[in-house]
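Along the sequence shown, the residues carry numbers beginning at 1. The figures here come from the full heavy-atom set of this structure, side chains too, leaving out hydrogens, waters and symmetry mates.
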Amino acid sequence: MKHALVVGGTGMLADVSLWLMDQGYHVSVIARNSGRMQQLMERADFKEKITPIIVDYRSDHELQSKVHTAIEQNGDIELVVAWIHLNAPAALKIITREISTHTVDWQLFHVLGSSTDVDKIKREVSVPQGCFYYQIRLGFVLKDEYSRWLTNKEISSGVIDALKQKDSIRTIGIIEPWEKRP
């Protein structure tokens, strides 16, 4: 069975986690909140296709250990969707290093906030050999003079489109004009 890892897959990416299951993946989901994980589990048609990983990904050793265990239990990870807050600067490197020790070719879809400098991030992310790296940038919605942030549904829909299209950089919503953001 194909194995995917979704970091932050119980909140705005919950529909992505469920969609991946529908595509035949076993999905390991990293979350910090057990209540949200329970809500995701309740929505899943096949609970056996989810491996909950409750961990604060700022805890480097615990994160590495839990990703390693998920790989041992469910096989090599072929696809990662990662929404990681800036307060965990080592988390992505830990995840990519652990996956690369087991998997030759895999895909990383890195979800980034609207104010992120995508070029800077691309330079800073150490993409291992065999990893196909994609960026997904979250923007906002602008109608006339009114602007708002994207909804979870819009974000998940955009991420799913990015997974299908495999654009090197995908923006969901808009990021310009920046002064119009909510």
Side-chain angles (χ1 to χ4, degrees), residues 1-60 62-85 88 91-113 125 127-128 130-138 150-167 170 172:
M1 179 177 282
K2 301 181 293 184
H3 187 192
L5 174 70
V6 182
V7 182
T10 60
M12 68 183 199
L13 297 177
D15 287 346
V16 173
S17 298
L18 297 170
W19 180 82
L20 285 167
M21 282 184 273
D22 289 343
Q23 303 311 301
Y25 283 92
H26 181 93
V27 183
S28 294
V29 179
I30 292 179
R32 294 178 292 173
N33 183 308
S34 58
R36 280 192 174 169
M37 182 63 76
Q38 185 58 42
Q39 290 172 351
L40 177 69
M41 296 293 288
E42 289 169 5
R43 291 180 58 201
D45 291 333
F46 302 100
K47 292 168 185 34
E48 67 277 3
K49 290 175 109 180
I50 299 178
T51 296
I53 302 174
I54 305 296
V55 62
D56 182 344
Y57 52 63
R58 294 173 296 183
S59 173
D60 298 349
E62 188 177 2
L63 174 63
Q64 185 274 329
S65 175
K66 295 219 176 193
V67 171
H68 181 83
T69 299
I71 292 169
E72 283 184 340
Q73 290 174 347
N74 305 305
D76 293 350
I77 294 172
E78 301 170 25
L79 183 139
V80 175
V81 178
W83 166 247
I84 299 173
H85 295 278
L92 188 61
K93 185 175 186 173
I94 290 165
I95 291 167
T96 59
R97 187 176 51 228
E98 186 61 36
I99 292 170
S100 290
T101 62
H102 299 276
T103 308
V104 178
D105 291 322
W106 59 285
Q107 301 172 79
L108 170 59
F109 291 84
H110 193 186
V111 181
L112 302 164
V125 171
V127 178
C131 174
F132 299 92
Y133 178 76
Y134 308 92
Q135 289 182 333
I136 303 170
R137 189 174 187 184
L138 305 178
L150 298 164
T151 65
N152 288 352
K153 186 174 184 73
E154 290 167 334
I155 291 168
S156 281
S157 178
V159 170
I160 290 167
D161 285 344
L163 292 169
K164 292 176 184 176
Q165 300 299 318
K166 295 182 177 34
D167 297 331
R170 165 69 66 101
I172 303 170

S.K.: Looking at every heavy atom in both L20 and V27, which two are closest together, and how far apart are they?
M.R.: CB-CG2, 3.7 Å
S.K.: With distance as the sole test, does N33 use its side chain to make a donor-acceptor pair with the main-chain N or O of R36 at under 3.5 Å?
M.R.: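 Present.
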S.K.: State, to 0.1 Å, how close E42 and K47 come at their nearest heavy-atom pair, and which atoms those are.
M.R.: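 Minimum heavy-atom separation between E42 and K47: O-NZ, 3.9 Å.
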S.K.: Determine the minimum heavy-atom distance between G8 and L13, stating which atoms define it.
M.R.: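 Distance-wise, the nearest heavy atoms are O-CB, 3.5 Å.
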S.K.: Please step through side chain to side chain contact (heavy atoms under 4.5 Å, CB included) for the pair K49 and M1, ending with a clear verdict.
M.R.: CA-CA 10 Å; K49 290 175 109 180; M1 179 177 282; 4.1 Å; yes
S.K.: With a 3.5 Å distance limit and no angle check, can you tell me whether E154 reaches the backbone of T151 through a side-chain donor-acceptor pair?
M.R.: yes
S.K.: Please confirm whether R32 makes a cation-pi placement over Y57, using NZ or CZ under 6.0 Å from the six-membered ring centre and within 45° of the ring normal.
M.R.: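 Relative to the ring axis of Y57, which defines the angle, R32 lies inside both limits.
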S.K.: Distance from S65 atom OG to E98 atom CD, nearest 0.5 Å?
M.R.: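 Answer for the OG-CD pair, S65 versus E98, is 8.5 Å.
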S.K.: Hey, is NZ on K166 packed in by over 12 heavy atoms from elsewhere, all under 6.0 Å?
M.R.: yes
S.K.: State whether the side chain of K2 and the backbone N or O of E78 hold a donor-acceptor pair below 3.5 Å, judged by distance alone.
M.R.: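 No, because the side chain of K2 does not come within donor-acceptor range (under 3.5 Å) of the backbone of E78.
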S.K.: Listed by chain and number, what are the ring pair (Phe, Tyr, Trp, His ring centres under 6.0 Å) partners of W83, not counting sequence neighbours?
M.R.: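 If we apply the ring pair (Phe, Tyr, Trp, His ring centres under 6.0 Å) test to W83, skipping adjacent residues, the hits are H85.
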S.K.: Rounded to the nearest 0.5 Å, how far does CG of L150 lie from CE of M12?
M.R.: 9.0 Å
S.K.: Where is the tightest heavy-atom contact between I50 and A44, given as atom of each residue plus distance?
M.R.: CD1-CB, 3.5 Å
